Amino acid sequence: MFREDPSKAQAYTLLAQLGKKVLRPGGKELTLRLIDRLAIQAGDDVVEFAPGLGFTAQLIIKKAPQSYLGIDHDKNTVLKLQRKFSGNNIAFTLANVSNTGLEQGCKNKIVSEAMLTMHADHRKAEIIRESYRILQKGGLYAIHELSLKDVDTEQKADIQRNLSLISRVNTRPLTELEWKQLLMKEGFTIKEVLTGHMRLLEPQRIVADEGLLGALKILVRLLSNKAARKRVVAIRQAFQQYREQMQAIVIIAEKM
C-alpha cells in the first residue's frame, strides 16, 4: 500500500496512499464553488495545472468543454490519468507549469489547485506569468490555495516553517492580500474571491469529501500502520494549532 516510508513521504503523497482523493485546502465544497464560478461551457478550452488524482479533472470533463488539457510534472501521475480518462480533446501531458510550451493565447480557462502554495514566491510568479501568457484576452484563471489571516511577519514565517517541516514540502501560504497582489502584478484583474475553512483532516470534512465508505477505508489503513498513523496525527495537530490563522481561498482572476 505504501510506496514510500510514511515517516518520510510528503504529506500529499502519504494522504493519497491512504486513499484520500480530495486534497484541496477547502475540500470538495470549495472546489465545486470554483467550478461553478468558472461556468465551463462547450466552447471552452480548459487547462488544469497539477491535476493530481483527477478529482477536479472529472468535474471539468463532465462539463464537456471543447478541450481539456491536464499538465503535471510527474510521469506516473500523467500515465495514471491517461488511463483513467479518455475521449475526444481530452489529454494529459508531462510538462513544467512555468514553461508549458503551449502557444500564447491558446486557452480561455485555467484551473490550479493546491499547487502554488507549495512554491517559493518567485516560482509562484513564474507560474502565474505563464498562465497569463497562454490565456486569451478575457480568459479566467482560477486558483484554490491555502491562505493566512490575521498574522504578522513573524507569525507568517513561523507557520510557513512549521508547515514545511511537518508536510516535508516547501509550504508557503500567503495572506489574501498577498495572493491578490501577486496575481495583479502579473497583469490579472481580480474578479471574485471565495474563502472557506481549512479542515482537511477533520473527521466531518473527510466524510464530506470522501463519503462514509471512503472515510472508513482511510481509517482502517491508518489503524493498520503505526508510522502512517503517527505522521497523520502530527500533521493534523499542526493544522489545528494554526486553525485560526489559516483558511482556504479561491480567487477567480481575469486577463483583461
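Atom set for the values below is all heavy atoms of this structure, side chains included, hydrogens, waters and symmetry mates excluded. A quick note: this is a predicted structure, and the numbers were derived from the prediction, not measured. Residues: numbered from 1 along the sequence shown.
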Please report the shortest heavy-atom distance between [X] and [Y], naming the atom on each side.
| X | Y | answer |
| --- | --- | --- |
| L14 | A228 | CD1-CB, 4.2 Å |
| K84 | L53 | NZ-O, 3.2 Å |
| A248 | P25 | CB-C, 3.5 Å |
| S224 | R229 | N-NH1, 4.4 Å |
| L200 | L23 | CD1-CA, 4.3 Å |
| A11 | I235 | CB-CD1, 3.8 Å |

Quiz item: Should E244 and K149 be marked as a salt bridge (charged side-chain N to carboxylate O under 4.0 Å, His left out) after you check the CA-CA gap, both sets of side-chain angles, and the distance that decides it?
Solution: CA-CA 8 Å; E244 298 304 321; K149 55 180 181 176; 5.5 Å; no

Exercise. Dump the intermediate steps for side chain to side chain contact (heavy atoms under 4.5 Å, CB included) on T31 and V22, then the final yes or no.
Key: CA-CA 9 Å; T31 291; V22 181; 5.5 Å; no

Could [X] and [Y] be called an ion pair, given the rule that one side-chain N must be under 4.0 Å from one carboxylate O?
| X | Y | answer |
| --- | --- | --- |
| E210 | K20 | yes |
| R129 | E126 | no |
| D121 | K124 | yes |
| R24 | D209 | no |

Looking only at atom types and distance, does a side-chain atom of [X] sit under 3.5 Å from a main-chain N or O of [Y], one as donor and one as acceptor?
| X | Y | result |
| --- | --- | --- |
| T117 | A114 | no |
| Q82 | F92 | yes |
| R199 | I206 | no |
| R37 | V250 | no |
| K109 | A39 | yes |
| K28 | F55 | no |
| S112 | I143 | no |

Working to the nearest 0.5 angstrom, can you tell me the gap between [X] [atom1] and [Y] [atom2]?
| X | Y | atom1 | atom2 | result |
| --- | --- | --- | --- | --- |
| R243 | E202 | CZ | CD | 5.5 Å |
| L194 | I252 | CG | CD1 | 6.5 Å |
| Q241 | M246 | CD | CE | 9.0 Å |
| L148 | Q160 | CG | CD | 6.5 Å |
| L183 | L116 | CG | CG | 8.0 Å |
| T100 | F49 | OG1 | CZ | 6.0 Å |

Quiz item: Does one side chain, of Q136 or N108, offer a donor that lies under 3.5 Å from an acceptor on the other?
Solution: no

Self-check item: Evaluation steps, side-chain hydrogen bond (donor to acceptor under 3.5 Å, both in side chains), between T13 and Q10
Solution: CA-CA 5 Å; T13 302; Q10 293 183 353; 4.5 Å; no

Practice problem: Output, in order, the C-alpha distance, side-chain angles, deciding distance and verdict of side chain to side chain contact (heavy atoms under 4.5 Å, CB included) for S67 and K107. | Solution: CA-CA 9 Å; S67 69; K107 303 293 179 180; 3.9 Å; yes

With side chains defined as the heavy atoms from C-beta onward, is the minimum distance between [X] and [Y] less than 4.5 Å?
| X | Y | result |
| --- | --- | --- |
| R123 | R172 | no |
| L102 | I71 | yes |
| F188 | I251 | no |
| P203 | R236 | yes |
| E145 | P173 | no |
| D72 | P51 | yes |
| M184 | I190 | yes |
| R221 | N225 | no |

When you group the ILVMFWY residues by side-chain heavy-atom contacts below 4.5 Å and let the links chain together, are [Y] and [X] in the same group?
| X | Y | answer |
| --- | --- | --- |
| M115 | Y12 | no |
| L146 | I166 | yes |
| V46 | Y132 | no |
| I249 | L177 | no |
| I218 | L216 | no |

Exercise. Sorted by first residue and then second, give each salt bridge (charged side-chain N to carboxylate O under 4.0 Å, His left out) pair with at least one member in residues 245-255; sequence neighbours left out.
Key: none

Taking atom [atom1] of [X] as the centre, does the number of heavy atoms from other residues, nucleotides or ligands within less than 6.0 Å exceed 12?
| X | atom1 | value |
| --- | --- | --- |
| H119 | NE2 | yes |
| N88 | CG | no |
| K230 | NZ | no |

Quiz item: Between D158 and R161, is a side chain to side chain contact (heavy atoms under 4.5 Å, CB included) present by the stated rule, with each step listed?
Solution: CA-CA 5 Å; D158 181 62; R161 179 173 58 254; 3.1 Å; yes

Exercise. Output, in order, the C-alpha distance, side-chain angles, deciding distance and verdict of salt bridge (charged side-chain N to carboxylate O under 4.0 Å, His left out) for R33 and D36.
Key: CA-CA 5 Å; R33 292 174 67 190; D36 179 66; over 6 Å; no

Quiz item: Under the side-chain hydrogen bond (donor to acceptor under 3.5 Å, both in side chains) criterion, do T56 and E113 qualify, and how do the steps go?
Solution: CA-CA 9 Å; T56 304; E113 294 186 284; 2.4 Å; yes

Practice problem: Apply the side-chain contact (heavy atoms from CB on, under 4.5 Å) test between P65 and each candidate in I90, I40, D45; give the one that qualifies. | Solution: I40

Practice problem: Give the C-alpha distance, both sets of side-chain angles, the deciding distance and a yes or no for side chain to side chain contact (heavy atoms under 4.5 Å, CB included) between L201 and L15. | Solution: CA-CA 10 Å; L201 294 180; L15 294 174; 3.8 Å; yes

